[in-house]
Amino acid sequence: MADISLTFPDGTARDYTAGVTPAEVAGSISKSLAKKAISATVNGAHWDLQWPIEQDAQIAIHSMQDDAQALELIRHDAAHIMARAVQEIWPEVKVTIGPVIENGWYYDFDRDEPFTPEDLDRIEAKMKEIINRRDPVTTEIWERDRAIKFYQANKEPYKVELIEAIPGDQPLRMYWHGHWQDLCRGPHLQHTGQLPADAFKLMSVAGAYWRGDSNRAMLQRIYGVAFKNKQDLKAHLTMLEEAAKRDHRKLGREMDLFHMQEEAPGQIFWHPNGWTIYTTLQDYMRRQQTRGGYVEVNTPQVVDRRLWEESGHWDKYQEHMFIVEVDEEHAREKTVNALKPMNCPCHVQIYNQGLKSYRDLPLRMAEFGSCSRYEPSGALHGIMRVRGFTQDDAHIFCTEEQIESETLRYIEFLSNIYRDLGFPDFKVKFSDRPETRAGEDAIWDKAETALLAATRKAGIEPDLNPGEGAFYGPKLEFVLTDAIGRDWQCGTHQVDFVLPERLDATYIGEDGAKHRPVMLHRATLGSFERFIGILIEEHAGKLPFWLAPRQVVVASIVSEADEYVHEVVAKLRKAGVRAEADIRNEKINYKVREHSVGKVPVILAIGRKEVEDRSVTLRRLGEKQTSVVALDAVLTSLAAEAVPPDLR
RNA sequence: GCUGCUGUAGCUCAGAGGUAGAGCACUCCCUUGGUAAGGGAGAGGUCGAGAGUUCAAUUCUCUCCAGCAGCACCA
């Protein structure tokens, strides 16, 4: 056997016989390392302790101290142990796939009966039993045909399909513990007992389509979380409990912001408090857009199907549109209309009024556009995914050459706004050409290059989302996360070659000939509804002062103070602060509690002392201590605090 | 849309084949109290909607609607 040289993280190298395993390498260094080792990284790949190394390599041996590797192995093996537990309890259940995800894993099963919460307890108990057996974990390399025959004989059709989908004739890793086995690329722990028995939990069961395809079988997916120890698991569960308290649906009720009801699913009844947030945000956005060189327009809600046919929506988007028919009783003839699901076709109508010159470009046309989309019932989620919403939408009509500069300009516009609103960090996804698309590849090349170049010039390296672009052009997505870490696309910036063509938008170029403009669809907040949902969850309801619907409550301690309370409220309002009086016959404790729950940022308490020396006692939300401030001083400071960030 | 779960007072939830309960909130009374719930009394519900089984259904069954989790979708 040829010798190979393995280089360790500290730069030293040692020679081994080819085919040596990381377990043997660890043993050659020290007994304690051999004992602690759980896996290795070999030339950048996560490597099982039992896999042979055939050539020179960089190697690092991992122990449970290495979080990334340890957690991956723990979660990965937990998935397999769960699958085994399920098959030990219900041998007829078919296994499919079970990857590691953030904080844990899931595994999809095909079983006729639904899994119940009691079943999850049973599975968890069985998993602990398997862990206690401490079965050694081994992998074997099998020929593809042998594996297929094996799974056919075992009546595991999903595994057969998985293998058939693996291209070429590559050998397959079969993974065993005890008499149970699974197809798996590994790596794994050395025996089932290495999985911490008290640091995992089965969380939920939900449906999931086989291979993510809604035309195929609906499987049952069991989710679990796993950590290195009990404390980490407990911390994670506590974090989830805390996150649930920030749920915008719960806070929306507690802060009296909005409600929704059965008669209008996916649509929002904004209460005065919530609408104040909305209009404050809208005022802010309008100022930003004006500064950003946009013109603002407004377009119809109910539009004849003819326009949607021309724009292509009638063909491609009809199932998501609210269709409105007007019958002969009202009109001379029956007409079919649709509530607008998007603003773009209407904006082109405005663009098309009168001839446009190249001198008019780029033309940035903005609308706070109310859109209605018949979203699938299962997609609705609080105010974040709704059927009636308003986009802070705009379309930039420009030339191909202007795509890059307009994109850069826009990313800077958006970054500035996100920073103001408390999101200095956000994820950017770049989605390039999908399989079915309109437009020539040469134009796609140009557009993709321009988007990427602009993004990088803005100092952002986007996550790639291959093939996820719209059929009409590539796009950038600006993503924020909710309280429990779910991604929500808020901002978007999309190149569109198709709509100007379909709706015949043109401009006269320097050469005196007609040309086709490119359209950039862009929305910064995305929709007010979703963005406000994110804002609420991000701040746990404690919105920055300028956005808080009720900024100040002035609360009396004794009824003798009532008159002065009203005076303070009036002066605050005059100074531009949203203030309310609370002179109810209740103790100050009661009032403080109620307005704290309601997330009012500042409570000014007023008793005899304050009336006498014309002061207030100020208390900030979440703080225990109070301070006595002169009325004039508090008026000045709160008025300054109430100024939106762009006007400071 | 799909799979599973849920739907009882404004909110959070308990309950049972014989037409309902708690706490908070609400109204009134007492209380004027110094920073996260002062005391008392009162009012409040076609038990999500419809159909079926039953002497009797809010409870059991079915259908529908809505919500929740996940999947799919997200121009």
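Bear in mind the structure is a predicted one, so any value in this text is a computation, not a measurement.
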Exercise for review: Check whether any side-chain N or O of A/Arg608 sits under 4.0 Å from OP1 or OP2 of B/G33, and answer yes or no.
Suggested key: yes

Exercise for review: Find out whether the Lys NZ or Arg CZ of A/Arg221 is both under 6.0 angstrom from the six-membered ring centre of A/Tyr106 and within 45° of the ring's axis.
Suggested key: yes

Check your understanding: Is A/Lys159 salt-bridged to A/Glu161, going by a charged N under 4.0 Å from an acidic O?
Key -> no

Review point. Charged N to carboxylate O under 4.0 angstrom, A/Glu156 versus A/Lys94?
Key: no

Review point. Within less than 4.0 Å of OP1 or OP2 of B/C71, is there a side-chain N or O belonging to A/Arg216?
Key: no

Exercise for review: Rounded to the nearest angstrom, tell me the gap between atom NE2 in A/His248 and atom P in B/G67.
Suggested key: 12 Å

Check your understanding: For A/Leu604 and B/G34, what is the distance between atoms CG and C1' respectively, to the nearest whole Å?
Key -> 14 Å

Exercise for review: Kindly indicate whether a cation-pi arrangement holds for A/Arg111 with A/Phe115, taking the cut-offs as under 6.0 Å to the six-membered ring centre and within 45° of the axis.
Suggested key: yes

Review point. For atom P, what is the distance between B/G48 and B/A41, given to the nearest Å?
Key: 30 Å

Study note, to complete from the structure: Sorted by number, residues from residues 368-382 of chain A placing a heavy atom under 4.0 Å from RNA chain B are A/Arg373, A/Pro376, A/Ser377, A/Gly378, A/Ala379, A/Leu380, A/His381, A/Gly382

Revision key, fill the gap. To the nearest 0.5 Å, atom CG of A/Asp393 lies from atom CD of A/Gln289 at 9.0 Å

Check your understanding: Quantified in whole Å, what is the C1' atom distance between nucleotide B/C73 and nucleotide B/G10?
Key -> 35 Å

Review point. Which listed nucleotide (B/G34, B/A36, B/C71) is nearest to the side chain of A/Met218?
Key: B/C71

Point to revise | Carboxylate-amine/guanidinium contact A/Arg364 A/Glu406, below 4.0 Å | key: yes

Practice item. Taking atom C1' in both B/G40 and B/A36, compute the distance separating them and give it to the nearest angstrom. Key: 23 Å

Check your understanding: How would you label the contact of A/Tyr209 with the nucleic acid (heavy atoms, under 4.0 Å): base, sugar-phosphate, or nothing?
Key -> base

Check your understanding: Taking only N and O in the side chain of A/Arg486, is any of them less than 4.0 Å away from OP1 or OP2 of B/A69?
Key -> yes

